[in-house]
Each structure stands twice: as structure tokens, then as C-alpha cells.
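Okay, so here's the structure we're looking at.
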Number of protein chains: 2
Amino acid sequence: MATGRTHRPATRSRGIPEATVARLPLYLRALTALSERSVPTVSSEELAAAAGVNSAKLRKDFSYLGSYGTRGVGYDVEYLVYQISRELGLTQDWPVVIVGIGNLGAALANYGGFASRGFRVAALIDADPAMKGKPVAGMPVQHTDDLEKIISDNGVHIGVIATPAGAAQQVSERLIAAGVTSILNFAPTVLSVPDGVDVRKVDLSIELQILAFHEQRKAGEEAAAVAGAADDVVTPPPLRADTAAAAAAAAASRKGPDGDVPAVMPA
Amino acid sequence: MATGRTHRPATRSRGIPEATVARLPLYLRALTALSERSVPTVSSEELAAAAGVNSAKLRKDFSYLGSYGTRGVGYDVEYLVYQISRELGLTQDWPVVIVGIGNLGAALANYGGFASRGFRVAALIDADPAMKGKPVAGMPVQHTDDLEKIISDNGVHIGVIATPAGAAQQVSERLIAAGVTSILNFAPTVLSVPDGVDVRKVDLSIELQILAFHEQRKAGEEAAAVAGAADDVVTPPPLRADTAAAAAAAAASRKGPDGDVPAVMPA
DNA sequence: CCATCTTTGTGCACGCGTTCACAAAGGCAT
DNA sequence: ATGCCTTTGTGAACGCGTGCACAAAGATGG
């Protein structure tokens with residue numbers, strides 16, 4: 001998965017744990033698939049397998065919503081789909097705006113997964129005057145100047161930021177001032193927002209970096225296993241340099257797994 | 001954030017908690033920004049603010065890596081950049097392949113954040129013969145038939161899946177069979193993989209659904225506050241339908257969430 | 001109507017992650 | 001040198017999330 005929730009200190013909204021909320025969409029997806037195959041009921045065991053979670057966890061998650069199952073039988077698929085949809089607020093249509101129509105913004109605009117889940121792309125917004133009026137995903141791109149009007153005219157509460165990092169904070173402030181209270185942020189920056197505004201971030205390079213960490217670990221273990229008593233492959237001697245220059249020099253001098261130049265370019 | 005880690009049961013690799021690993025890229029980004037502004041040292045308080053976390057948490061995170069700070073002064077920026085980069089395995093180049101060059105795959109191929117963090121896009125792969133040879137992000141798209149050869153020729157260990165949901169499982173199996181041990185999955189499906197393979201998933205519609213949940217909660221609270229004793233705004237009467245048909249009818253009468261086509265396009 | 005079998009719902013214990021609060025450590029001025 | 005001041009590193013407490021294991025509930029067959 002990508003990265004997680006920001007700021008909001010796990011509000012435990014109306015008793016439903018944040019961790020459970022994060023899994024509900026997963027269950028919903030699995031249930032929708034069953035529904036399409038006209039499966040009438042499903043046991044916690046089966047559904048848990050389909051969603052890739054533990055069955056006890058799934059039952060506990062559902063218990064926060066209410067007692068929707070039948071002992072000895074399982075859960076009614078259609079009924080559960082409806083209950084979860086309602087709980088997630090997907091029984092209504094959420095207009096969203098996408099700000100920043102570059103490669104990623106355009107891909108998001110074309111993404112079918114939004115519309116099929118109760119989200120309607122109400123507008124595409126970009127700061128580049130050359131983009132104005134240009135059709136993307138069958139919809140004309142509008143200029144940032146009209147951001148406030150677009151938000152309020154469409155009653156938008158959810159905004160997606162796909163701008164470069166430098167513009168993200170300012171865009172978020174304008175969105176919030178215009179009435180947006182939930183933001184999905186793709187820009188690699190920490191957004192600082194007032195209380196009452198939810199921010200979730202998706203950072204592609206962070207996900208890859210986490211994978212790289214585990215990948216390196218695997219490689220290290222493998223190397224250690226092969227090389228016998230190679231103990232400090234993962235933790236080289238703490239060559240604690242006094243000055244930054246010395247540290248950089250030391251870094252450059254090493255060739256191995258750790259060696260190489262330090263990553264100077266940001267994300 | 002997007003979604004999270006899958007399967008891997010929090011291995012607690014070499015004593016570094018998974019939660020800490022997930023934050024290291026965040027610190028790294030903040031430190032890199034400081035480095036570019038030639039800031040020599042930074043306190044845990046300042047860096048924590050820049051990374052959007054608690055300073056105590058940051059210090060504890062760093063304590064897992066070693067004692068890299070100086071009491072009364074703070075942390076040496078360059079030195080810390082190097083240490084974290086090394087810990088994350090970013091001091092080496094990771095070749096990655098992107099499978100599924102649709103809107104999203106193309107956007108990922110063009111995304112600058114990969115190359116700048118030590119990740120090199122080694123190949124773009126798509127199942128559509130019409131795509132073969134077509135340049136995307138200055139690189140010719142290759143056909144799925146050559147997947148295994150591409151993986152082994154380039155020594156690829158990390159694969160990115162941006163195919164439709166239906167193809168993802170099969171693609172993952174081929175990637176893994178060819179030597180890939182870490183997968184970043186953008187397709188809205190649960191991948192089932194053998195032990196030793198790490199999967200992280202990014203699901204855009206899930207993120208929006210989580211936001212919608214909180215958004216609905218805000219709206220409900222607001223409505224309740226305005227309407228006085230409106231208690232069941234969030235939990236309407238449990239109209240518990242007896243039969244699946246009745247529930248389905250109720251669901252179908254709505255326009256949004258449940259009905260509709262499944263997400264064919266991945267994130 | 002009763003026995004049996006399946007599956008839910010949950011009490012409980014455990015472990016991870018977060019946060020507080022403070023002692024130890026080092027720089028710096030006098 | 002010595003004392004003060006700043007900031008790290010961490011011990012300890014707490015709370016959330018997870019998973020086990022089982023009793024209660026209901027369906028089903030005789």
C-alpha cells in the first residue's frame with residue numbers, strides 16, 4: 001500500500017476504529033465481486049480469504065457495524081454491500097476536483113475506479129493557461145483563477161492535489177478556504193492544514209523506498225548466508241565522521257552495498 | 001496516504017520497526033530539502049515539524065538506527081541523509097519494470113520521483129501488441145512475451161503492476177517466477193504471493209472512500225448540531241431486508257456505489 | 001421437538017507503536 | 001575549569017490493533 005493518514009489523530013469516529021474503516025473498502029470490493037457472480041451468502045472465512053485478511057479480524061470489523069450475519073450461515077452479500085456502502089457514505093455522489101493536470105492528474109481523470117465508486121469528477125483545474133479549455137478525459141481543463149467558484153458552484157468537499165510539490169501547500173489553502181474539507185494529496189510534501197480537514201497522502205516514491213529497504217535486507221541476508229560469518233553487511237562499522245565533508249568523502253569511497261553516492265536528489 | 005503493506009506480517013527486520021521504516025523516506029525528503037538549502041544541522045524538533053511528525057517519535061525512530069545526533073546541537077544533515085539512504089538501500093540503483101502501460105503506467109513512467117531516488121525504470125511492458133515499440137517516456141514499450149527475459153537480463157527485483165485488475169495476479173506470478181521479490185501493486189486486487197515476496201498496494205479509490213467516510217461523518221455531525229436532536233442521521237433505521245432480492249432492489253435503486261461496472265482500469 | 005453441526009460475535013491476552021518525561025551528554029560562555 | 005543551557009536518547013506507561021478460542025445462536029435433518 002501507499003502511505004497513510006496524516007495529522008488526524010485517529011478520531012475513532014463514532015466508535016469505528018480507523019483501522020477498520022480502512023479495511024471496509026477492501027471488503028466492499030470483494031463483496032461487489034461476489035454480488036456480480038450472484039453469490040447469495042458468504043462466510044467470514046471465505047470473504048476474509050477474498051479480501052486477504054484474517055477471518056477473526058473481519059468478524060470483529062463487522063461487529064462494529066452491527067450484527068449483520070446469521071450464525072451457521074454467514075453474511076447476506078447484497079445486504080452487506082448496502083450496509084458497508086452506507087457506512088462509508090457511498091450511497092451519495094461525491095463531486096471531486098482534481099488540481100494539477102500533468103501526467104498523473106490526467107491519469108487520475110481517466111481512472112474509471114472513481115466514477116464506479118460514487119465519486120464524480122466535477123472539474124479539472126490547472127495553473128497553466130495553455131491547458132485552459134483543453135479536453136482531458138472528455139472534460140475541459142479550467143484555470144486555477146476560477147478554483148473558488150468551481151468549488152462552491154459544485155458543492156465540492158473533496159479535492160485531489162496532483163500538482164508539483166512546490167504548489168501543493170498553496171493549492172490546499174485555496175481549496176480549504178473555498179470549502180474543501182478532505183484532501184487526497186499526491187504531491188510529495190507535507191501539507192499543513194487546520195483542524196477539521198482530513199488529508200490522506202499517496203507517495204509513489206515512498207512506497208518504492210520501503211520495498212527497497214526490505215529488498216536490501218533480503219539481499220543482505222542472502223549474502224550473509226553465502227559468505228558465512230559476514231556479520232556487518234547490514235550494519236557496517238559506525239565510521240562516524242565529524243564533518244559533513246568527511247562523511248560525504250567516506251560515503252563516496254565505499255563501493256559495496258552501502259557505498260555509492262548518497263542520494264542527493266529529492267523525490 | 002494510500003493503502004498499506006500486505007501479507008508480510010511485520011517482520012521487524014533487524015530490529016527496525018515497520019512503522020519506523022515507513023517514516024524514514026519522509027525524514028529523508030525533509031533532510032534533502034534542508035541539504036539543498038545548505039543547512040548544516042537540524043534539531044529533532046525542527047525536523048519533526050518539517051516531516052509532520054512528533055519529535056519524540058522522530059528521536060525514537062533515529063535511535064533504532066544508532067546514535068547519530070549530538071546533544072545540545074542536533075543532527076548533522078548531510079550525515080543523516082547518508083545514513084538513512086544507506087539504511088533504505090538507496091545508495092544503490094534499483095532497476096524496476098512497469099507492467100501495464102495504460103494511463104497510469106504511462107504517468108508512472110514519466111514520474112520524475114523514481115529516477116531521483118535511486119530507482120531506474122529498466123523497461124515498460126504491456127500485453128497489447130499495438131503498444132509494442134511505441135515510445136513512452138522516451139523508452140520503447142516491450143511486449144509481455146519477453147517479460148522473463150527482460151527481468152533476468154536487467155537483474156530486476158522490483159516490479160510495478162499497473163494493469164487492469166483481471167491481469168494482475170497472473171502478471172505477479174510471472175514476475176515472481178522470473179525473479180522479482182518486491183511488487184508495488186496499483187491494480188485493485190488482492191495479490192496472493194509466496195512467502196519471501198513483499199507486496200505493497202496503492203489503491204486510489206480506497207483512499208477516496210476513506211475520505212468519504214470522514215466527510216460523511218462531518219456532514220452528519222453538522223446536520224445533527226443544526227437540527228438539534230437529530231440522532232440517527234448517521235445510523236438510519238435498520239431497514240434490515242429479509243431477502244437478498246429486497247436488499248438488491250434497494251441497492252439498485254440508487255445510482256452510485258454498488259451497481260455500476262467494476263473498476264476495470266487500475267489506479 | 002430434539003440433537004447436531006456450522007458459523008457468528010466477542011471476551012481476553014498479547015504485542016506493537018506512541019507519547020511523556022527525564023536523566024545523561026555535550027557545547028558554550030564566563 | 002566550572003556551571004549553565006540545550007537537546008538527545010530512552011525507560012516506562014498507555015492505548016490501539018490483532019488473533020485466539022469459545023460460548024451463544026441459529027439452521028438443518030431426523
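Each chain gets a letter, A, B and so on, in the order the sequences are listed, and its residues count up from 1. For clarity, every value in this text was computed on a predicted model and none was experimentally measured.
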### Message
Please enumerate all residues that pass side-chain hydrogen bond (donor to acceptor under 3.5 Å, both in side chains) together with Thr181(B), with sequence neighbours excluded.
### Response
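Partners of Thr181(B) under the side-chain hydrogen bond (donor to acceptor under 3.5 Å, both in side chains) test: Glu215(A).
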### Thr41(B): partners by side-chain hydrogen bond (donor to acceptor under 3.5 Å, both in side chains), with sequence neighbours left out
none
### Query
Mind checking what makes salt bridge (Lys or Arg N to Asp or Glu O under 4.0 Å) contact with Arg59(A), not counting sequence neighbours?
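Expected list: none.
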### Query
Between the side chains of Tyr82(A) and Glu78(A), does any donor sit under 3.5 Å from an acceptor?
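The answer is no; no qualifying pair exists.
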Could you tell me the separation between the [atom1] atom of [X] and the [atom2] atom of [N], rounded to a whole number of Å?
X	N	atom1	atom2	result
Leu80(A)	dT8(C)	CG	P	11 Å
Leu24(A)	dG17(D)	CG	P	13 Å
Leu65(B)	dG9(D)	CG	C1'	13 Å
Tyr68(A)	dT10(C)	OH	P	13 Å

### Message
Check this for me: Glu173(A), atom CD, are more than 12 non-hydrogen atoms of other residues, nucleotides or ligands nearer than 6.0 Å?
### Response
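Yes - once you tally the heavy atoms of other residues, nucleotides and ligands closer than 6.0 Å, there are more than 12.
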Under 3.5 Å, side-chain donor or acceptor atoms of residues 46-58 of chain A against the rest of the protein: list the pairs with distances, not counting sequence neighbours.
unit_1	atom_1	unit_2	atom_2	d
Glu46(A)	OE1	Ser43(A)	N	2.9
Glu46(A)	OE1	Ser43(A)	OG	3.4
Asn54(A)	OD1	Ala56(A)	N	2.7
Asn54(A)	OD1	Lys57(A)	N	3.4
Ser55(A)	OG	Glu45(A)	OE1	3.4

### Angle of first-five versus last-five pair axes in the helix from dC1(C)-dG30(D) to dT30(C)-dA1(D), to 10 degrees
10°
### Task
Summarise protein proximity over nucleotides 18-30 of chain C in one line of letters, 5' to 3': B for base, S for sugar-phosphate only, - for none, counting protein heavy atoms closer than 4.0 Å.
SBBB--BB-S---
### With sequence neighbours excluded, residues passing side-chain contact (heavy atoms from CB on, under 4.5 Å) with Ala212(B)
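Scan of Ala212(B) (side-chain contact (heavy atoms from CB on, under 4.5 Å), adjacent residues dropped) gives Leu90(A), Trp94(A), Phe119(A).
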### Task
Could you list the residues that satisfy side-chain contact (heavy atoms from CB on, under 4.5 Å) with Thr189(A), not counting sequence neighbours?
Ala165(A), Ala168(A), Ala187(A)
### Task
May I have all residue pairs that pass ring pair (Phe, Tyr, Trp, His ring centres under 6.0 Å) and include part of residues 17-50 of chain A, sequence neighbours excluded?
Tyr27(A)-Phe62(A)
### salt bridge (Lys or Arg N to Asp or Glu O under 4.0 Å) contacts in which one or both residues fall within residues 60-70 of chain B, not counting sequence neighbours
Arg23(B)-Asp61(B)
### Message
Between Tyr68(A) and Tyr75(A), is the ring-ring contact (aromatic ring centres under 6.0 Å, His included) condition met? List the steps.
### Response
CA-CA 7 Å; Tyr68(A) 294 153; Tyr75(A) 299 91; 8.6 Å; no
### Stretch residues 42-50 of chain A: residues that reach within less than 4.0 Å of DNA chain D through a heavy atom
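Listed by number, there are none.
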### Message
Classify Phe62(A) by what it touches in the nucleic acid, base, sugar-phosphate, or nothing, heavy-atom distance under 4.0 Å.
### Response
nothing
